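Notes for the one structure printed next.
Keep in mind that the numbers below use all heavy atoms, side chains included, and drop hydrogens, waters and symmetry copies. Position 1 is the first residue of the sequence; numbering continues from there. Values in this document were obtained by computation on a predicted structure and should not be read as measured data.
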Amino acid sequence: MGRNNHSYTEEQLIEYSEIKKNICQNMRIARKLAQMKVKDAAPALGIEPESLKRIEAPSSKVGPSLEVLCGAIELYEKDPNFYWLDWEENEKLLDTEKEEN
């Protein structure tokens, strides 16, 4: 089999970047909703805390591996669809939780 020589348009690259940011921010939100700290969540996901911080950073250029994403879905006990929802809408869940506490 030959190499995959796809070329992507600028629009496709931007769209991918937004999808990645959405998933990464939703990972951060899910972790906080699960009331887990980075130092506790990272080892359970099989990564270093600094790696999790990089993944969750708003300006991250790094997305989670499929293994880490699947681990987060299981660890944080969120429906997989949560990670595809608009992260800014999910962010409101953190505000609601703060008000309740």
Would a single hydrophobic cluster contain both Leu85 and Leu93, if residues Ile, Leu, Val, Met, Phe, Trp and Tyr are joined by side-chain heavy-atom contacts under 4.5 Å? no

Among residues at least two apart in sequence or on other chains, which ones pass salt bridge (charged side-chain N to carboxylate O under 4.0 Å, His left out) with Glu50? Lys53

Evaluate side-chain contact (heavy atoms from CB on, under 4.5 Å) for Met27 paired with Leu52, printing each intermediate quantity in order. CA-CA 9 Å; Met27 275 185 63; Leu52 183 55; 4.1 Å; yes

Considering only residues two or more places apart or on different chains, which pairs with a residue in residues 56-85 satisfy salt bridge (charged side-chain N to carboxylate O under 4.0 Å, His left out)? Arg31-Glu56

Arg28: what forms a side-chain hydrogen bond (donor to acceptor under 3.5 Å, both in side chains) with it, not counting sequence neighbours? Gln25, Glu91

Between Ile23 and Asn26, is any pair of side-chain heavy atoms under 4.5 Å apart? no

For Cys24 against Pro64, the heavy-atom pair lying closest together: SG-CD, 3.6 Å

If you take all heavy atoms of Ala72 and Leu45, which pair is closest and at what distance? N-CD2, 3.3 Å

Ile55/Ile47 under side-chain contact (heavy atoms from CB on, under 4.5 Å): CA gap, chis, key distance, verdict: CA-CA 11 Å; Ile55 290 168; Ile47 59 176; 4.1 Å; yes

Chi angles and distances behind the side-chain contact (heavy atoms from CB on, under 4.5 Å) call for Phe82, Ile29: CA-CA 10 Å; Phe82 177 87; Ile29 294 165; 3.8 Å; yes

Smallest separation among heavy atoms of Leu75 and Ala44, with atom names: CD2-CB, 3.8 Å

Less than 4.5 Å apart, side chain to side chain, heavy atoms only: is that true for Leu69 and Tyr83? yes

